[in-house]
Number of protein chains: 2
Amino acid sequence: MRISARTQYALRAATELAAAPPGPVPAEKIAVAQNIPRRFLDNILLQLRRAGLIHSQRGPDGGYWLARPAEEITLADVIMVVEGSPEHSAHGGYPGVAGPLADVWSALRAHEETLLTEITLAHIAKDSLP
Amino acid sequence: MRISARTQYALRAATELAAAPPGPVPAEKIAVAQNIPRRFLDNILLQLRRAGLIHSQRGPDGGYWLARPAEEITLADVIMVVEGSPEHSAHGGYPGVAGPLADVWSALRAHEETLLTEITLAHIAKDSLP
DNA sequence: ACCTAACCGACTTATTAAGTAGGAATTAGG
DNA sequence: CCTAATTCCTACTTAATAAGTCGGTTAGGT
């Protein structure tokens, strides 16, 4: 269950947006609230925007906001953007007697995906996990 | 769900031992059967032995064998040896509104651990997953 | 003695993660 | 129109980890 700093930052930033009142939230505010290195955060927010998960506005009073309601953005959505699509052919088919190991990884991944697809940013922001 | 090559090798090697008839199995045989770089495998087996998971015998007809019955060695046992004990303080306590994220990781880890603790080398070797 | 196989630490190389740098483009307010 | 705020973008650096290699040493059996 490895979760990179980048991924965690992305989720925390997104949660911050989910919890904020309507309107743009500047990156600086997010960085301070979540204690994320500013420049790095820029980088991540850019990626989220390009993926269409958030929108942005430049200039004074500019900032970022969610492209969809927080109830409709799952953790998996965010994670997939920053981690890239998982190439799950990595553990496919072990020699001989070790074959069944692949089924274990596959079960683990399945459960993980299920869980992360069930939980939305709204759940996190409101502390109402299912 | 990141699983290092080293970990996979360790599990596959252990499975090979679990499936073998009683008596020492030389590293070379495991390396060939599982297509694992020989020197690297040495390294891993050494680690497993030091952890008390397997025993060894030098000289001709030497090799490795499981220290306990395959039914009593879980995947978690093997993984913990090669990955080291998880420092799960890594994601402990996020600022403000992101706090509940920690519960998600914790749930994920709990499930993972449960599953890996339920499955033994015997299950893999005999392809009889629960 | 000799061959086989485990034992051991240190070393090299490749990849990824994490963060930084330096600016350019946009927008609102005065 | 000028200024300040703020996003946008590419590329770079550095640190950590993973993966595998090397060169031998030690012990056991025949």
*Can you name the residues that form a ring pair (Phe, Tyr, Trp, His ring centres under 6.0 Å) with Tyr9(A), not counting sequence neighbours?*
Phe40(A)
*With sequence neighbours excluded, give me every salt bridge (Lys or Arg N to Asp or Glu O under 4.0 Å) pair touching residues 121-130 of chain A.*
Glu71(A)-Lys126(A)
*What pairs with Gln47(A) under side chain to side chain donor-acceptor pair (under 3.5 Å), at least two apart in sequence or on another chain?*
Arg6(A)
_Taking side chain to side chain donor-acceptor pair (under 3.5 Å) as the definition, give me every residue that meets it alongside Asp103(A), ordered by chain and number, with sequence neighbours left out._
none
*Which residues pass the side chain to side chain contact (heavy atoms under 4.5 Å, CB included) test with Pro95(A), sequence neighbours left out?*
Arg12(B), Gln34(B)
_With sequence neighbours excluded, residues passing side chain to side chain contact (heavy atoms under 4.5 Å, CB included) with Ala31(B)_ = Arg38(B), Leu41(B)
*CD1/Ile119(A) to CG/Asp77(A) distance, rounded to the nearest 0.5 angstrom?*
12.5 Å
_For His111(B), side chain to side chain donor-acceptor pair (under 3.5 Å) partners two or more places apart_ = His111(A)
*Check every nucleotide of DNA chain D for an atom under 4.0 Å from a heavy-atom of chain B, then give the first and the last such nucleotide from 5' to 3'.*
dA18(D) to dG29(D)
_Residue list, side chain to side chain contact (heavy atoms under 4.5 Å, CB included) with Thr117(B), at least two apart or on another chain_ = Ala76(B), Glu113(B)
*Got a sec? Which of residues 17-42 of chain A come in under 4.0 Å of DNA chain C, heavy atoms?*
Pro37(A), Arg39(A), Phe40(A)
_With sequence neighbours excluded, residues passing side chain to side chain donor-acceptor pair (under 3.5 Å) with Ser56(A)_ = none
*Give, ordered by number, those residues of residues 46-65 of chain B having at least one heavy-atom distance below 4.0 Å to an atom of DNA chain C; if nothing qualifies, reply none.*
Leu46(B), Arg49(B), Arg50(B), Ser56(B), Gln57(B), Arg58(B), Gly59(B), Pro60(B), Gly63(B), Tyr64(B)
